[in-house]
Student: 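Sharing a structure with you now.
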Amino acid sequence: MQPVPTPRITPLPAPVRPDPVRDRWAAPMRLAMAEAELAVATGDVPVGALVLGPDGSVIGRGHNEREAVGDPTAHAEVVAIRQAAAAVGEWRLGGCTLVVTLEPCTMCAGAIVLSRLDRVVYGALDEKAGAAGSLFDVMRDRRLNHRPEVVWGVLADECAEQLRDFFDTHR
């Protein structure tokens, strides 16, 4: 009598649980990631940002351009906010959402507060310069007159990988 072979059992992957807070921002974050890729051609760090109008349409987009234009304030968020303000015709961006691949720095957090954006959605944490919860929490400081909603960690692994890939080839 021959032994009966033991069937090979492959465990099923853990089910992916829906995340009602972050899942709705995955598609716009992928657009921001595509925008970030445009920065690489000029040697800029691949960070991309979009401003979505109240209806969800893209009214501003930007990627890092510091190297391209020689401007230390040409962060993706600032570029996108400037474009959105021009599209709307004023500096107040109430009802709008900023989607950005990397946690905003203190400069960008200030611009976000001053532009009165309703919401900021970001991907990867920036533990060295982040001002939306990791190093600082500028946007949720109760002393400020405007505090946008902050949604963090949308496609965080993919956004972080995009940055790692850039730095692996530029070090």
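Worth saying up front: this structure is predicted, and the values here are computed from it rather than measured. Along the sequence shown, residues are numbered consecutively beginning with 1.
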Student: Can you get from Phe167 to Leu38 by hopping between Ile, Leu, Val, Met, Phe, Trp and Tyr side chains that sit under 4.5 Å apart?
Tutor: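 Different clusters: Phe167 never reaches Leu38 through Ile, Leu, Val, Met, Phe, Trp or Tyr contacts under 4.5 Å.
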Student: Under the salt bridge (Lys or Arg N to Asp or Glu O under 4.0 Å) test, which residues partner Arg82, sequence neighbours left out?
Tutor: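 Salt bridge (Lys or Arg N to Asp or Glu O under 4.0 Å) list for Arg82, sorted by chain: empty.
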Student: Cluster question for you: counting only ILVMFWY and a side-chain heavy-atom cut-off of under 4.5 Å, with indirect links fine, are Val88 and Leu98 together?
Tutor: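 Hydrophobic grouping puts Val88 with Leu98.
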Student: Calculate, to the nearest 0.5 Å, the distance between atoms CG and CG belonging to Leu163 and Asp126 respectively.
Tutor: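 These two atoms lie 8.5 Å from each other.
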Student: Using modelled atom types and a 3.5 Å cut-off, is there a donor and acceptor pairing between side-chain atoms of Tyr122 and backbone atoms of Ala156?
Tutor: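 Not confirmed, Tyr122 side chain does not pair with Ala156 backbone.
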Student: Step through the shown structure and confirm whether more than 12 heavy atoms of other residues, nucleotides or ligands are within 6.0 Å of CD on Glu90.
Tutor: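 More than 12 heavy atoms, drawn from other residues, nucleotides or ligands, come within 6.0 Å of this atom.
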Student: To the nearest 0.5 angstrom, please state how far the OG1 atom of Thr101 sits from the CZ atom of Arg30.
Tutor: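 Answer rounded to 0.5 Å: 13.0 Å.
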Student: Does any non-hydrogen side-chain atom of Arg140 lie less than 4.5 Å from one of Val150?
Tutor: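 Yes; the side chains approach each other to less than 4.5 Å.
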Student: Looking only at non-hydrogen atoms, find the nearest pair between Ala87 and Ile59 and report the distance.
Tutor: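 Nearest heavy atoms, Ala87 then Ile59: CB-O, 3.6 Å.
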Student: Return the minimal non-hydrogen interatomic distance between Ala36 and Gly48, and the atom names on each side.
Tutor: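 Smallest interatomic distance, heavy atoms only, reads CB-N, 3.3 Å.
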Student: Any side-chain to backbone donor/acceptor pair from Arg22 onto Trp152? Under 3.5 Å, distance only.
Tutor: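 Yes, Arg22 side chain to Trp152 backbone: donor-acceptor pair under 3.5 Å.
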Student: Which ILVMFWY residues are connected to Met33, directly or by a chain of links, through side-chain heavy atoms under 4.5 Å apart?
Tutor: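 Result for Met33 is Val21, Trp25, Met29, Leu31, Leu50, Leu52, Val58, Val99, Val121, Val151, Val154, Leu155.
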Student: Can you pull the side-chain hydrogen bond (donor to acceptor under 3.5 Å, both in side chains) pairs that have at least one residue in residues 38-50, sequence neighbours excluded?
Tutor: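 Every pair satisfying side-chain hydrogen bond (donor to acceptor under 3.5 Å, both in side chains) with a residue in residues 38-50: Thr42-Asp44.
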Student: Given the rule that I, L, V, M, F, W and Y join up when any side-chain heavy atoms are under 4.5 Å apart, are Val45 and Val78 in one cluster?
Tutor: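 Per the 4.5 Å side-chain linkage, Val45 and Val78 are not co-clustered.
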Student: So with a 6.0 Å cut-off around CG of Asp55, is the heavy-atom count from everything else above 12?
Tutor: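 Counting neighbours around CG of Asp55, more than 12 heavy atoms of other residues, nucleotides or ligands fall under 6.0 Å, so yes.
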Student: About how many Å separate SG of Cys105 and NZ of Lys128, when rounded to the nearest 0.5 Å?
Tutor: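 Rounded to the nearest 0.5 Å, the NZ-SG separation comes to 15.0 Å.
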Student: Only counting residues at least two apart or in another chain, list the ones meeting side-chain hydrogen bond (donor to acceptor under 3.5 Å, both in side chains) with Asp165.
Tutor: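 Asp165 satisfies side-chain hydrogen bond (donor to acceptor under 3.5 Å, both in side chains) with no other residue.
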Student: Honestly curious: do Val113 and Phe136 fall in one hydrophobic cluster under the side-chain, below-4.5 Å linking rule?
Tutor: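 Result: yes, single cluster for both.
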Student: To the nearest 0.5 Å, what is the distance between NE2 on His63 and CD on Glu65?
Tutor: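 Spacing of NE2 (His63) from CD (Glu65) equals 4.5 Å.
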Student: Apply side-chain contact (heavy atoms from CB on, under 4.5 Å) to Arg66 and Asp71, showing your working.
Tutor: CA-CA 5 Å; Arg66 293 185 312 169; Asp71 179 354; over 6 Å; no
Student: At their closest point, which heavy atom of Leu125 faces which heavy atom of Leu102, and how far apart are they?
Tutor: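 That closest heavy-atom pairing would be O-CD1, 3.8 Å.
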Student: To the nearest 0.5 Å, what is the distance between CD (Glu149) and CG (Leu117)?
Tutor: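 Going from the CD atom of Glu149 to the CG atom of Leu117 covers 12.0 Å.
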Student: Of the non-hydrogen atoms in Pro54 and Cys96, which two are nearest, and what is the gap between them?
Tutor: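 Shortest heavy-atom separation between Pro54 and Cys96 comes out as CD-SG, 4.0 Å.
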Student: Can you pull out every side-chain hydrogen bond (donor to acceptor under 3.5 Å, both in side chains) where at least one residue sits in residues 103-118? Sequence neighbours excluded, please.
Tutor: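 Residue pairs with at least one partner in residues 103-118: Glu103-Ser134.
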Student: Show your reasoning for whether side-chain contact (heavy atoms from CB on, under 4.5 Å) applies to Val51 and Gln83.
Tutor: CA-CA 9 Å; Val51 176; Gln83 194 177 97; over 6 Å; no
Student: Do Trp91 and Ile81 pass the side-chain contact (heavy atoms from CB on, under 4.5 Å) test, and can you show the C-alpha distance, the side-chain angles, and the key distance before you say yes or no?
Tutor: CA-CA 9 Å; Trp91 61 269; Ile81 289 170; over 6 Å; no
Student: Is there side-chain contact between Arg119 and Pro148, with heavy atoms separated by less than 4.5 Å?
Tutor: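 The answer is no, as the side chains (C-beta and beyond) never meet within the 4.5 Å cut-off.
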Student: So which heavy atom on Leu135 is nearest to which on Gly130, and how close?
Tutor: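 Between these two residues, the closest heavy atoms are CB-O, 3.2 Å.
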Student: Only counting residues at least two apart or in another chain, list the ones meeting side chain to side chain contact (heavy atoms under 4.5 Å, CB included) with Val40.
Tutor: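 Partners of Val40 by the side chain to side chain contact (heavy atoms under 4.5 Å, CB included) criterion, ordered by chain and then number, come out as Glu37, Pro46, Phe166.
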Student: Give a yes or no answer on whether the side chain of Asn64 reaches the backbone of Ala39 with a donor-acceptor pair at less than 3.5 Å.
Tutor: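 A pair under 3.5 Å: no.
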Student: Measuring from atom NE2 of His146 to atom CD1 of Ile112, what distance do you get when rounded to the nearest 0.5 angstrom?
Tutor: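 His146 NE2 to Ile112 CD1: 9.5 Å, rounded to 0.5 Å.
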Student: For the residue pair Met139 and Pro104, what are the closest heavy atoms and their distance?
Tutor: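 For Met139 and Pro104, the tightest heavy-atom pair comes out as CE-CG, 4.2 Å.
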